[in-house]
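Following: one structure in structure tokens, then a few remarks.
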Amino acid sequence: MSAASVAVDDSLSGLGHRLRTALTHIIGYSGLLLEHEEADAETVVQLQGVHDRAAIILSKIEHWLSPQLEGAPAQRISTLRDEIAEPLDVIISTVGALAQRLKGAELLDVLRIARACTELLTFVQHEGTMPGQVRPAPLPTIPESVKGRIISAPARLLVIDDNPANRDMLNRQLVHSGHKAVCVESGAEGLRLLQDERFDLVLLDVMMPGVSGVDVLQQIRNMPLLAGVPVIMISALDEVESAARCIELGAEDYLVKPFDPVLLNARLHSALERKRLQEEQRERTRQLERATQDLKRANEDLQAFASAASHDLQEPLRTVSTTLELFSLQWGTELSEEQREMFRLAVDGAGRMSQLISDLLAYSMAGGGEEELEPVACETALLEAVNNLRQSIRESGARITHAELPEVLAKPARLVQLFQNLVGNAIKYRGEARPDIHVGAWREGSEWILSVRDNGIGIDEKYQRRIFQPFGRLHGSNLPGTGLGLAICERIVRKAGGRLWVESKPGSGSTFYFTARCAVSHAEASA
Ligand code: ADP
């Protein structure tokens, strides 16, 4: 591009900017005056005439100053002059008539329109403006059906714009929509205010002397405290590229001058609504985090309480049991049959209570915090469990077999307890036949499925979920138990990342399954 054409570009760009600013004021102020509810019919018709003609002039400016248009720039400007002369004339005479009739604040607005008309008139009457380049962009419009339906909750907004008339118009449009606006004329002032006060949204002019709108936007986006505050850029038509860049830099939206009050409202509404939804979402996440923390703490407290209580309860219970034993040794032979029966009930009760306390302790321990898992050989764990159950195995004549068992990721003591509870139940809930128990294992992906199968009394399908809940006992008090064994198993399996379930039919035995993670990876295993 030559030096001469740069000068032409600058000159035409400057002309376009000047004309559009003037039209922004005519359209903006006539729009504001039209929103006055007390305006009489004649005033409304006249204002509408001003507003519509200003829009016609704007479209002619966009057309004739468009760089895409063929033809000599000087010729285009001359045609533009001719074409806007007539509507401008009508505007000026209507404004004169309005100035005769309106008073107070409304008269002031009419005078503002008149001042903007002078700017256009100077152009129409002045010869010799240089042609140049103006970037076109369509004026955004919103459908009639949307108008009047946009209602935002009152918000506090900051307007940063160096043009006093723009500030005034924006302020009044915002107040008219029920918002509270603070208007400042420079980016520096806006940034200062943003550090001290809270705003729901910022309306920021793209082109400002000193700190530009883009710089202000970048600084706002670097302030963590302002992360949730939406920024809407205000741009002239030939600045939409900068406005688009601002969106990339984190602006929420942009508005093109002259402001259509309905469009302004719609954009504000949508930005404020998005901000509200984001805040709601953040609040919900915070609540969820708080609730999770509370739950975690409550769980830890409960576990600490359960384990302390279990320890403390065992102590006096041991005293009761020991005293009963001593008593039995010393005076057992002197007791009547009835007294001995009462004595036996007391000893049984103490034993059951002791079992309940240690199960409660195991249940609370199994639900504790994170545990380091390590590779454990299932066979070793099973053998230890069988050893612990040797008395009941001997008494029942149970036969226990197992397949080749893998190494899984677990806590060794917990895996022993898991086998002990499952094999113990398989013996306890036996049928007429001698207990025949088999422990199997097969691999599925990165998991092992282990099974404990028995030939016992079986479980009706409708109870198969209940038995995993604490105290979910199905069988009567003739069989010892606290109803916590399977609940403990379920916690142990779940904490190691697995699942526990049962398949059973009454009279046909039961198979309990649980999954456990492989101690070695798939690749290692097949290598
Ligand atoms: P407990 O054995 O102390 O009653 P558990 O939690 O271990 O408690 O078991 C809950 C209930 O599940 C038992 O009361 C019993 O009714 C049923 N159950 C558990 N294992 C078996 C099994 N292998 N066969 C039949 N019923 C079983």
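Values below: all heavy atoms of this structure, side chains included; hydrogens, waters and symmetry mates excluded. Counting starts at 1 for both ligands and their atoms, following the listed order.
Near G472, meaning under 4.0 Å from any of its heavy atoms, are these atoms of ligand 1: 10 (C), 11 (C). Of all atoms in ligand 1, listed by their number and element, those nearer than 4.0 Å to a heavy atom of G483 are 1 (P), 3 (O), 4 (O), 6 (O), 8 (O). Short contacts between ligand 1 and L474, defined as distances under 4.0 Å to a heavy atom of the residue, involve ligand atoms 14 (O), 16 (O). Counting the atoms of ligand 1 from 1 in the order shown, those under 4.0 Å from a heavy atom of S510 are 24 (N). Taking every non-hydrogen atom of K428 and a distance limit under 4.0 Å, the qualifying atoms of ligand 1 come out as 1 (P), 2 (O), 3 (O). Each of the following atoms of ligand 1 lies closer than 4.0 Å to a heavy atom of G481: 3 (O).
Within the 4.0 Å heavy-atom shell around ligand 1 one finds D454. By the 4.0 Å heavy-atom criterion, Y463 is excluded from the residues contacting ligand 1. For the pair G456 and ligand 1, no heavy-atom separation below 4.0 Å is found.
Within a 6.0 Å sphere centred on CD of E341, heavy atoms belonging to other residues, nucleotides or ligands number more than 12. Around the CZ atom of R465, the shell of radius 6.0 Å holds no more than 12 heavy atoms that belong to other residues, nucleotides or ligands. More than 12 heavy atoms of other residues, nucleotides or ligands shown are found within 6.0 angstrom of CZ on R274. More than 12 heavy atoms of other residues, nucleotides or ligands sit less than 6.0 Å from atom CD of E283.
By the 4.5 Å heavy-atom criterion applied to side chains, L486 and L422 are counted as neighbours. Put simply, the side chain of W501 does not reach to within 4.5 Å of the side chain of V493, judged on heavy atoms.
One option in L486, D359, I467, I459 has a heavy atom closer to atom 5 (P) of ligand 1 than any other, and that option is L486.
E432 pairs by the salt bridge (charged side-chain N to carboxylate O under 4.0 Å, His left out) definition with nothing, not counting sequence neighbours.
A salt bridge links R344 with D348: at least one charged nitrogen is closer than 4.0 Å to a carboxylate oxygen. E289 has no carboxylate O lying under 4.0 Å from a charged side-chain N of R286, or vice versa, which leaves the two without a salt bridge.
The shortest contact between atom 7 (O) of ligand 1 and any protein heavy atom is with N425 ND2, 2.8 Å. If you check which protein heavy atom lies closest to atom 21 (C) of ligand 1, you get Y429 CD1, 3.5 Å. What sits closest to atom 4 (O) of ligand 1 on the protein, heavy atoms only, is R473 NE, 2.5 Å. The shortest contact between atom 15 (C) of ligand 1 and any protein heavy atom is with H475 ND1, 3.3 Å.
When only interatomic distances are considered, the shortest N/O to N/O separation between G485 and ligand 1 falls below 3.5 Å.
Relative orientation of the W442 and Y513 rings is perpendicular, given thresholds of 30° and 60° on the angle between their planes.
Heavy atoms of F468 found under 4.0 angstrom from ligand 1: none, in either backbone or side chain.
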